[in-house]
Amino acid sequence: VGVEVDEAGTLDRLKVNRSRIFDPCVAAQGGHVVKLLGDGALVEFGSVVAAVNCALAIQEATTHAEAECAETKRIRYRIGIKLGDVIVEGDDIYGEGVNIAARLQTLAPIGGVAVSLTVRDQVAGKAPCVFEDMGEHTVKNLERPVRAFAVHPTAGSEPSERRPEPP
């Protein structure tokens, strides 16, 4: 998102996106927004398939909603998903799963989704998507490399299966 170009306008559009697209997609897949981090969010799901379906729905709906905007003004998310244990402390979560998801997010293509190997293995054949191997990446604060996969919706998958209808 080009926050530095039009900070107020971008933040207004981000709020609209959250209320019309992001939050309904998360709710539809049974997710829980743990915290908002500026223009990012940490979301927890009980199912990794639901997390991937949610991510694809958010990306698709955001692309559709932003189609009329100039390219430089479009909201474009990068989403990272990791399956793993977390530490719950109060209303927050921590742990390697959270750290790896954050690193995967930085590896995701703009407007895309990146997942770990364990997510790919658990979701393959259970969600309307295909996985593109992005190889192993050495990332900050982790001793072992992380194998990342870009997630792409399969051609002909029904958008309504993933995306709530706009209000």
Could you pull out every donor-acceptor pair under 3.5 Å between side chains of residues 143-152 and any protein atom, sequence neighbours left out?
unit_1, atom_1, unit_2, atom_2, d
Arg147, NE, Asp133, OD1, 3.3
Arg147, NE, Asp133, OD2, 3.2
Arg147, NH2, Asp133, OD2, 2.8
His152, NE2, Glu132, OE1, 2.8

Would you give me the side-chain donor-acceptor pairs under 3.5 Å for residues 98-116, sequence neighbours excluded?
unit_1, atom_1, unit_2, atom_2, d
Arg103, NE, Lys140, O, 3.2
Thr106, OG1, Arg103, O, 2.7
Ser116, OG, Thr118, OG1, 3.1
Ser116, OG, Val119, N, 3.4

Residue pairs, two or more places apart or on separate chains, that pass salt bridge (Lys or Arg N to Asp or Glu O under 4.0 Å) and touch residues 115-126: none

Residue among Leu83, Val52, Val49 satisfying side-chain contact (heavy atoms from CB on, under 4.5 Å) with Gln122: Leu83

side-chain hydrogen bond (donor to acceptor under 3.5 Å, both in side chains) involving Asn17 - partner list, sequence neighbours excluded: Thr62, Tyr77

List the atom pairs, with distances to 0.1 Å, where a side-chain N or O of residues 87-95 and a protein N or O form a donor-acceptor pair under 3.5 Å, not counting sequence neighbours.
unit_1, atom_1, unit_2, atom_2, d
Asp92, OD1, Lys35, NZ, 3.4
Asp92, OD2, Lys35, NZ, 3.0
Asp92, OD2, Tyr94, OH, 3.1

Verify same cluster id: Phe22, Val34 (apolar side-chain graph, 4.5 Å): no

In one Ile/Leu/Val/Met/Phe/Trp/Tyr side-chain cluster, 4.5 Å: Leu42, Phe45: no

Gap between atom CD1 of Ile21 and atom CD1 of Ile75 - 0.5 Å precision: 8.0 Å

Asp39 side, atom CG; Arg78 side, atom CZ - distance, nearest 0.5 Å: 11.0 Å

Any residue meeting side-chain contact (heavy atoms from CB on, under 4.5 Å) with Glu71, in chain and number order, not counting sequence neighbours: Arg74, Arg76

Spacing of Lys15 atom NZ and Leu36 atom CG [to the nearest 0.5 Å]: 11.0 Å

Side chain proximity check, Asn53 to Cys25, heavy atoms < 4.5 angstrom: no

